[in-house]
Amino acid sequence: MTVKSGSPGWYLRRLSRMGPREVGGRVGDTVRRRRWRSARPHCPSVTGARFTAVLPAGTLAEVPPDAAKRLIAEADRLMAGHAEYFGVERDDLVDPDWWSDPKTGRRAPWGYAFDVPYRNEDAVGDIKQIWELSRHQYLTVLAAAYALTGNERYAERVAEHLRSWWSANPPLRGVHWISGIELGIRLLSWVWVRRLLDGWSGVAGLFEENPVALNQIWHHQRWLAAFPSRGSSANNHVIAEAAGQLAAACAFGWFPSSARWRAGALRSLERHLRGNTFDSGLNRELATEYHGLVLELGLAAVAEADAADVPVPASIRLVLLRMTDALAAIVDSRLRPPRQGDADDGHGLIVDGAGTDRWASLLATGDAVFGRLDWWPTVTGSDVRTPLLAALIRPYAKKGSAPAEARPASRPGHFADAGMTILRGPAGIWCRCDGGPHGFLSIAAHAHADALSVEVRHDGVDVLADPGTFCYHGQPEWRQYFRSTLGHNTLQLDGGDQSVSGGPFLWTRHARTRVLTADPSEEGVSRWCAEHDGYQDSVHRRRVELTAANHELKVVDEIRGPRRAVHLTFHLGPTIAADLVGNWAVLTWTREGEDRFAVLDLPGQLRWRAHRGESDPPLGWYSTGFGRKEPATTLVGTGFADGTEGFTTVLRFRD
């Protein structure tokens with residue numbers, strides 16, 4: 001069932017997932033919003049403000065030439081007015097309309113921020129298209145181009161756009177004052193814009209000597225202090241809010257409330273960074289891109305605190321260390337992490353050009369800040385962000401900066417608390433097995449109904465793929481498909497999902513999964529077995545075995561319970577061609593000019609059919625990024641399970 005976000009039914013379901021404390025906090029927020037409608041205080045006067053959180057001398061010289069070249073190419077594209085967000089090409093960035101959605105052509109309405117129906121695409125447009133530009137991360141790219149070249153045209157364009165945005169978006173008016181994550185990331189961007197423009201003669205007049213800028217910075221921080229994400233919504237959003245607040249209160253600490261805001265943000269960051277992260281280092285949302293976002297935000301926040309000589313709790317550095325080690329452990333042979341859960345292309349700090357590998361960049365920063373372990377994969381490529389952050393963040397090994405931590409002596413393959421197991425074989429065979437909890441907190445906002453799903457790659461190529469996310473708002477049938485059980489490499493019973501959705505970011509019933517066996521040894525045969533109770537009166541158990549000697553992956557599905565209709569689904573990567581005859585599929589693809597192939601021996605008890613690029617209903621798609629999708633082959637087997645036999649699938653890679 002599709003439940004529209006913002007409908008009466010959605011509100012009732014959303015309320016049912018809140019505890020008394022959260023309900024009380026949200027009631028207080030509602031009262032405060034009504035009071036703020038007619039009582040907007042003025043920013044206190046500021047005199048003698050100075051910006052001191054500059055980059056150490058020589059930092060820019062550490063930027064690799066190829067990374068600088070990519071950055072400048074991206075900056076020049078932006079200067080020409082061109083950019084691409086979520087699959088939509090824009091050519092209006094010379095003088096953008098901050099409230100316009102280029103995808104639908106709609107323009108968000110004016111008014112008191114909390115009255116804007118931002119979830120209603122018919123009234124507002126695609127809210128992510130509108131919000132993304134106003135995170136001002138493209139301005140950090142332009143500012144970085146100025147810092148590296150000294151060309152003032154980049155700085156002047158940044159100044160024009162900031163003044164335009166500040167004029168068009170006064171405090172508490174319009175769509176850009178609704179969501180705390182937007183305010184937090186925007187503040188972080190402004191801090192870096194100010195830092196990277198430090199050599200420009202007009203920068204003080206743009207920021208600390210500009211009453212309009214001071215008013216905006218103050219109101220952003222006042223908003224974040226008043227309306228933190230609460231309870232069941234305290235996921236990656238609250239990390240962005242705390243990181244942005246901390247960054248601004250450190251770098252722009254010019255206001256009477258700065259010390260209080262700084263202390264509160266530091267407490268919030270410490271609490272929620274721990275709360276959002278398993279002890280193993282994986283993000284509790286079990287959505288890989290949000291692992292990257294939270295890690296980026298945490299590193300950027302620590303950089304600001306260290307630059308301002310603000311003591312950082314040791315637990316914050318410890319969590320970031322664990323997150324970095326966990327990332328190093330789960331990537332494949334091409335440094336690609338799993339495609340798991342929601343992904344919306346969100347970044348914490350952008351100072352790099354197109355073509356920069358996000359995950360390699362994070363591992364490079366981790367190496368600079370924490371030091372790499374012997375088992376870490378080799379990081380290739382270069383980036384701008386690593387030398388900038390490393391110049392500000394105190395090295396982990398510095399005495400007193402963090403407690404002693406026993407880091408993994410060898411590459412972990414099983415993360416028990418997160419329920420993730422990585423099986424590895426020769427020739428870059430990589431298999432993720434999903435036996436983890438259904439998302440984070442009571443609403444599991446960014447979870448997918450993917451219990452016991454597998455994701456298989458060969459030398460970094462998606463063979464059995466997680467199809468991704470594609471969209472959030474405005475296209476409910478596509479949102480439902482990409483997060484459904486049918487949309488993952490697992491087994492569906494009676495046409496239903498393992499977990500029950502109550503809306504696009506709400507699950508009202510969560511499947512419970514239990515890992516029974518996890519042996520990720522890279523020699524001989526590695527094994528994994530888990531089961532879940534998401535289907536009433538039935539239990540789905542799956543066993544996976546990877547045999548290194550013959551490059552073979554075996555998947556066995558068993559159903560304990562009454563006779564049920566079955567759909568067993570395998571989604572192939574977009575570069576994989578499939579020739580299906582009966583229950584036998586030959587898979588072919590090309591990697592760096594070399595032909596590769598594999599054979600998929602599917603369960604003979606089921607009737608198999610290949611689907612590709614179907615829209616009514618959706619089936620056979622792969623989302624390369626938010627707002628982007630392309631046809632891909634999906635193999636679906638249909639039949640019945642009566643509990644007397646299992647379904648065995650064998651994937652054999654051939655040289």
Side-chain angles (χ1 to χ4, degrees), residues 40-55 93 95-96 98-99 113 131 133-147 152-177 180 182-226 240-241 243-262 265 300 304 307-308 349-351:
R40 275 191 302 154
H42 297 289
C43 170
S45 60
V46 175
T47 58
R50 295 176 58 247
F51 183 83
T52 59
V54 298
L55 288 171
L93 262 65
D95 183 19
W98 304 108
W99 292 25
W131 277 344
L133 191 65
S134 289
R135 290 185 172 190
H136 289 169
Q137 293 176 320
Y138 78 100
L139 295 182
T140 57
V141 170
L142 292 176
Y146 164 77
E152 293 192 354
R153 69 189 184 102
Y154 299 120
E156 290 164 356
R157 177 63 58 81
V158 171
E160 290 171 7
H161 282 203
L162 282 178
R163 290 192 173 105
S164 169
W165 194 93
W166 290 333
S167 175
N169 296 278
L172 296 178
R173 291 297 180 266
V175 73
H176 296 302
W177 289 88
E182 305 305 317
L183 276 74
I185 291 177
R186 192 156 53 238
L187 278 177
L188 189 58
S189 295
W190 292 352
V191 168
W192 275 91
V193 165
R194 174 59 185 86
R195 172 176 291 124
L196 292 166
L197 294 184
D198 191 62
W200 180 51
S201 61
V203 71
L206 180 63
F207 279 95
E208 55 264 34
E209 296 172 4
N210 182 0
V212 175
L214 294 172
N215 187 55
Q216 285 276 350
I217 293 168
W218 184 81
H219 273 284
H220 271 66
Q221 293 185 85
R222 176 177 179 262
W223 193 109
L224 289 173
E241 294 159 10
Q245 180 80 294
L246 178 61
C250 287
F252 302 145
W254 307 321
F255 307 103
S257 298
S258 291
R260 174 170 57 84
W261 288 336
R262 186 165 55 241
E304 297 307 328
L349 173 66
I350 300 178
V351 287

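Note that this is a predicted model, so its numbers are computed, not measured.
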K.L.:
His42 versus Trp218: any side-chain heavy-atom pair under 4.5 Å?
P.N.:
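The answer is no; the side chains never approach within 4.5 Å.
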K.L.:
Is any side-chain heavy atom of Leu196 closer than 4.5 Å to a side-chain heavy atom of Leu55?
P.N.:
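A side-chain contact exists here, since the closest heavy-atom pair is under 4.5 Å.
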K.L.:
Does the distance from a Lys or Arg side-chain N to an Asp or Glu carboxylate O, for Glu156 and Arg153, drop under 4.0 Å?
P.N.:
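Result for this pair is no, no salt bridge flagged.
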K.L.:
Is a side-chain donor or acceptor of His220 paired with a backbone partner of Gln216 at a separation under 3.5 angstrom?
P.N.:
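Between the backbone of Gln216 and the side chain of His220 there is a qualifying donor-acceptor contact (under 3.5 Å).
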K.L.:
Keeping Trp254 on the side-chain end and Arg50 on the backbone end, is there a donor-acceptor pair under 3.5 Å?
P.N.:
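Yes: the side chain of Trp254 pairs with the backbone of Arg50.
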K.L.:
Check whether any side-chain N or O of Trp99 sits under 3.5 Å from a backbone N or O of His176 as a donor-acceptor pair, and report yes or no.
P.N.:
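Checking the backbone N and O of His176 against the side chain of Trp99, no donor-acceptor pair under 3.5 Å is found.
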K.L.:
For Ser164, is there any backbone N or O sitting under 3.5 Å from a side-chain donor or acceptor partner on Ser167?
P.N.:
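Such a contact is absent between Ser167 side chain and Ser164 backbone.
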K.L.:
Is the centre of the His136 ring less than 6.0 Å from the centre of the Trp165 ring?
P.N.:
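Yes: the rings meet the under 6.0 Å criterion.
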K.L.:
Report the distance from atom CH2 of Trp166 to atom NE2 of His219, rounding to the nearest 0.5 Å.
P.N.:
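It comes to 14.0 Å.
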K.L.:
Within the side chain of Arg262, is there an N or O that forms a donor-acceptor pair under 3.5 Å with the backbone of Ala249?
P.N.:
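Such a contact is found between Arg262 side chain and Ala249 backbone.
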K.L.:
What closest approach, in Å, do Asp95 and His161 show between heavy atoms, and which atom pair accounts for it?
P.N.:
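Closest approach of Asp95 to His161, heavy atoms only: N-NE2, 4.4 Å.
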K.L.:
Going from CD on Glu182 to CH2 on Trp223, what distance comes out if it is rounded to the nearest 0.5 angstrom?
P.N.:
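If we round to the nearest 0.5 Å, Glu182:CD and Trp223:CH2 are 10.0 Å apart.
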K.L.:
In the structure I gave you, are the side-chain heavy atoms of Leu162 and Trp190 within less than 4.5 Å of one another anywhere?
P.N.:
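Sidechains of Trp190 and Leu162: in contact.
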K.L.:
Determine whether a donor-acceptor pair (N or O, by modelled atom type, separation under 3.5 Å) exists between the side chain of Ser189 and the backbone of Thr140.
P.N.:
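Not confirmed, Ser189 side chain does not pair with Thr140 backbone.
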K.L.:
Taking the six-membered ring of Trp192, is the NZ or CZ of Arg195 close enough (under 6.0 Å from the centre) and on axis enough (within 45°)?
P.N.:
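Geometry flag: set, cation within 6.0 Å and 45°.
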K.L.:
Name the orientation class of the two ring planes belonging to Phe207 and Phe252 (parallel below 30°, tilted from 30 to 60°, perpendicular beyond 60°).
P.N.:
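Parallel: the ring planes of Phe207 and Phe252 meet at under 30°.
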K.L.:
Answer whether the closest heavy-atom distance between the side chains of Phe255 and Leu214 falls below 4.5 Å.
P.N.:
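Yes. Closest side-chain heavy atoms under 4.5 Å.
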